[in-house]
Peer 1: 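The structure under discussion is supplied below as structure tokens; questions concerning it will follow.
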Amino acid sequence: MTDLLITRASVLDGTGAAATYADVAIDAGRIVAIGKDLPRDATRTIDADGLTLAPGFIDMHAHSDLQILANPDHTAKVSQGVTLEVVGQDGLSFAPIDDPTRTALRRQIAGWNGEPDDFVFDWDTVAGYLDRLDRGIACNAAYLVPQGTLRLMVVGTSNRPATAAELEQMKVLLATGLEEGAFGMSSGLTYTPGMFADTNELVELCKVVAQYNGYYSPHQRSYGKGAVEAYAEMVEVARLSGCALHLTHATMNFEPNRGRAGDLLALIDEGLAAGIDITTDTYPYLPGATTLSAILPSWTSEGGADALLARLQDPADRERITYELEQVGTDGCHGCVTDWRTIEIGGVKNPELADAVGQTIDTRASRTGQRPADVFFDILIRDNLATTILQHVGHEENVQAIMKHPSHTGGSDAILVGGKPHPRAWGTFPRYLAHYVRELGVLELADCVHHLTGRPARRLGLTDRGLIREGYHADLVLFDPDGVRDTATFEDPRQQAEGIPWVLVAGTPVIEAGVRNDALPGKALRRTTAAVKGV
């Protein structure tokens with residue numbers, strides 16, 4: 001007698017191999033048998049006739065750090081077939097942390113995580129955060145130590161090199177987080193204060209990550225003007241440190257990069273040929289998403305949020321910022337001159353600004369009779385820096401070229417909060433299957449499933465997840481290959497995908513017959529192969 005039997009499934013095992021028809025038996029959260037006509041003695045049976053069975057999808061870039069705890073339903077992710085997501089992204093998250101840093105971060109990244117009512121932060125360490133996840137979450141989670149948080153704790157918000165003592169303190173904090181189960185380190189090199197780290201500082205930190213067989217996941221210094229040079233810096237960091245490199249949300253955006261995906265892919269291929277371990281992830285959409293404050297020049301953030309807000313209200317500073325945004329291009333906006341027509345308000349904290357959601361800065365300026373820059377300053381001030389945006393700056397030919405590369409995996413980069421979040425929060429993985437497989441044929445179905453399952457599991461070093469094999473954890477998704485479809489749109493983003501009737505985490509259904517139940521079988525994964533090299 002087994003717990004669950006899935007019968008008559010078209011099985012894509014996550015390796016890229018063609019589908020086979022089989023039954024799959026599950027017991028105690030693991031796959032115990034795969035074959036034809038298995039004994040029908042399970043406690044529960046799911047008839048998968050006409051459906052494809054795949055390993056659960058792995059979201060390699062998620063911003064669910066608080067939302068997975070504050071809103072444990074987590075339908076946005078599990079309804080897509082996501083059974084594992086990697087959080088702690090872009091160099092800013094909540095472990096390790098101290099009280100002053102937590103206060104500053106809650107304000108700085110409220111646009112990513114929201115500020116959940118009555119939420120209790122009862123951890124200071126990576127181990128404490130992972131233990132908190134273990135109390136009950138919808139899907140599994142892995143964590144990256146955020147480099148910007150380390151710098152905020154140790155160096156503060158100053159734009160200067162870390163001293164030798166400060167660098168050593170950051171390395172100790174990083175090593176502790178890796179020992180406690182983190183899978184690597186992330187950076188946000190267009191976000192303060194992580195962006196103030198020079199190449200040498202990143203190399204020294206990545207040497208620690210390499211010791212623990214982790215990987216480095218940088219949001220690099222530019223995805224616009226100078227993007228190739230920024231990617232090259234990350235490859236050089238990996239070469240000098242010996243650390244594996246995962247180029248997260250690997251895009252070539254903004255006008256300077258139209259048609260230039262080949263430049264990035266050539267750089268990756270050269271690195272791979274030189275023996276550097278490089279992988280990527282992307283989301284299958286053109287627009288990006290971030291906070292409105294992120295496009296400011298970095299000098300405005302020195303001294304923290306209060307100093308930034310003071311500068312936004314100082315007439316001389318406002319004119320300097322306006323000139324840099326509109327005439328020069330800021331480091332926060334990837335070196336590109338700001339086109340206010342491309343910046344759409346996605347979410348606000350201040351209810352008095354609710355009417356701004358869905359408007360571009362340019363549109364709102366036309367309606368209010370203000371300069372676009374003054375609209376920008378007004379929203380930032382009134383919303384206490386919590387505003388999120390969509391940036392309509394992508395290029396379809398780049399998206400397709402990068403997703404076809406053998407280094408590629410899938411990541412949503414999803415912000416779950418706000419009035420109009422990016423539809424990737426609900427639609428990333430079904431969009432791969434529907435739009436880029438079935439409609440456009442950019443990827444074959446078996447290959448796409450490999451990109452979303454087995455390949456990211458290998459990046460994470462997981463030896464019992466990401467494939468359909470006996471003994472592996474039963475993190476699984478059943479979908480209709482002819483009917484799976486993302487329904488989330490930019491106008492109406494919180495829409496559950498169609499054609500994904502069953503999602504299992506550790507053998508427990510979290511989506512059954514297309515409906516989210518109340519099960520919370522997810523756990524925090526800990527990198528158990530994190531022994532120091534040579535020991």
Side-chain angles (χ1 to χ4, degrees), residues 61 90-91 187-192 194-195 198-199 202 217-237 245-271 278 280-300 320-344 346 360-362 372-373 376 389-405 407-408 411 413 422 424 442:
H61 189 108
D90 291 341
S187 284
L189 301 178
T190 66
Y191 302 122
T192 56
M195 68 192 318
D198 60 19
T199 303
L202 298 174
S217 180
H219 169 120
Q220 62 189 46
R221 299 191 197 275
S222 177
Y223 291 89
K225 185 179 179 181
V228 173
E229 292 80 1
Y231 280 117
E233 181 194 12
M234 298 300 96
V235 174
E236 183 68 358
V237 167
L245 176 65
H246 183 75
L247 297 171
T248 195
H249 45 47
T251 58
M252 291 287 286
N253 286 340
F254 301 90
E255 278 307 303
N257 292 316
R258 186 179 293 275
R260 294 191 65 197
D263 295 345
L264 166 60
L265 299 179
L267 181 66
I268 292 171
D269 288 337
E270 289 170 7
I278 306 174
T280 65
D281 70 61
T282 69
Y283 47 83
Y285 296 87
L286 300 188
T290 187
T291 56
L292 184 60
S293 61
I295 70 171
L296 286 162
S298 59
W299 62 264
T300 62
R320 178 184 172 187
I321 294 166
T322 301
Y323 176 76
E324 292 187 19
L325 286 167
E326 297 182 347
Q327 303 298 324
V328 179
T330 69
D331 47 5
C333 201
H334 306 277
C336 294
V337 170
T338 303
D339 182 349
W340 300 114
R341 298 171 299 178
T342 67
I343 297 177
E344 177 185 348
T360 66
I361 297 293
D362 185 68
F376 170 71
I389 60 171
L390 305 179
Q391 266 188 297
H392 296 271
V393 292
H395 308 292
E396 182 64 29
E397 67 273 23
N398 288 347
V399 169
Q400 293 190 23
I402 294 167
M403 76 169 59
K404 289 190 287 187
H405 194 267
S407 68
H408 174 262
D413 193 13
H422 197 301
R424 65 195 185 193
V442 175

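Heavy atoms only: backbone and side chains are in, while hydrogens, waters and symmetry mates are out.
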Peer 1: Please report the shortest heavy-atom distance between Y283 and G288, naming the atom on each side.
Peer 2: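 For Y283 and G288, the tightest heavy-atom pair comes out as OH-CA, 3.5 Å.
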Peer 1: Looking only at non-hydrogen atoms, find the nearest pair between E326 and V337 and report the distance.
Peer 2: O-CG1, 3.0 Å
Peer 1: For the residue pair H219 and H334, categorise the inter-ring angle as parallel (less than 30°), tilted (30 to 60°) or perpendicular (more than 60°).
Peer 2: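 Ring orientation, 0 to 90° scale: tilted.
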Peer 1: Over all heavy atoms of both residues, which pair between A373 and T322 is shortest? Give the atoms and the distance, please.
Peer 2: CB-OG1, 3.5 Å
Peer 1: Using the six-membered ring of Y285, assess whether NZ or CZ of R424 lies under 6.0 Å from its centre and within 45 degrees of the ring axis.
Peer 2: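 Judged by the rule, R424 and Y285 form no cation-pi pair.
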Peer 1: Using side chain to side chain contact (heavy atoms under 4.5 Å, CB included), reason through H405 and D269 one step at a time and then give a plain yes or no.
Peer 2: CA-CA 10 Å; H405 194 267; D269 288 337; 2.7 Å; yes
Peer 1: Can you give me the closest heavy-atom contact between L189 and G194, atom names plus distance?
Peer 2: CD2-O, 3.4 Å
Peer 1: Starting from the C-alpha separation in whole Å, work towards a yes-or-no answer on side chain to side chain contact (heavy atoms under 4.5 Å, CB included) for I278 and V235.
Peer 2: CA-CA 8 Å; I278 306 174; V235 174; 4.3 Å; yes
Peer 1: Nearest 0.5 angstrom please: I361 CD1 to I295 CD1, how far?
Peer 2: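 Here the interatomic distance stands at 7.5 Å.
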Peer 1: Tell me whether N398 contacts the main-chain N or O of N257 through its side chain, where contact means a donor paired with an acceptor under 3.5 Å.
Peer 2: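 Yes.
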Peer 1: Could you tell me if the side chain of L296 sits less than 4.5 Å from the side chain of I321, heavy atoms only?
Peer 2: yes
Peer 1: Testing the 3.5 Å rule here: is there a donor-acceptor pair between the side chains of H249 and T251?
Peer 2: no
Peer 1: CZ/R221 to CG/L202 distance, rounded to the nearest 0.5 angstrom?
Peer 2: 5.5 Å
Peer 1: Is there side-chain contact between D90 and H61, with at least one heavy-atom pair below 4.5 Å?
Peer 2: yes
Peer 1: Look up atom CG in L390 and atom CG in L292, then write down how far apart they are to the nearest 0.5 Å.
Peer 2: 11.5 Å
Peer 1: Within this structure, what is the OG1-CD distance for the pair T338 and Q327, rounded to the nearest 0.5 Å?
Peer 2: 10.5 Å
Peer 1: Please report the closest heavy-atom contact between T248 and S217, naming both atoms and the distance.
Peer 2: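 Minimum heavy-atom separation between T248 and S217: CB-OG, 3.5 Å.
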Peer 1: Measure across I402 and A261 and return the closest heavy-atom pair with its distance rounded to 0.1 Å.
Peer 2: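 Taking I402 first and A261 second, the nearest heavy atoms are CG1-CB, 4.0 Å.
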Peer 1: Donor-acceptor check, side chain of H392 to backbone of I343, threshold 3.5 angstrom: yes or no?
Peer 2: no
Peer 1: What's the verdict on side chain to side chain contact (heavy atoms under 4.5 Å, CB included) for T342 and F254, showing C-alpha distance, side-chain angles and the deciding distance?
Peer 2: CA-CA 10 Å; T342 67; F254 301 90; over 6 Å; no
Peer 1: Any donor-acceptor pair under 3.5 Å linking the side chain of S222 with the backbone of G224?
Peer 2: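 Checked: pair present.
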Peer 1: Parallel, tilted or perpendicular: which describes the rings of Y223 and Y231, with under 30° parallel and over 60° perpendicular?
Peer 2: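 If you compare the ring of Y223 with that of Y231, the planes turn out perpendicular.
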Peer 1: To the nearest 0.5 Å, what is the distance between OG1 (T290) and CD (Q391)?
Peer 2: 7.0 Å
Peer 1: Hey, is the main chain of A227 close enough, under 3.5 Å, to the side chain of Q220 for a donor-acceptor pair?
Peer 2: yes
Peer 1: Look up atom CG in L265 and atom CE in M252, then write down how far apart they are to the nearest 0.5 Å.
Peer 2: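 Rounded to the nearest 0.5 Å, the CG-CE separation comes out at 9.0 Å.
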Peer 1: What I want to check is whether the side chains of S298 and T192 have a donor and an acceptor closer together than 3.5 Å.
Peer 2: no
Peer 1: Does the side chain of K225 come within less than 4.5 Å of E255's, by heavy atoms?
Peer 2: no
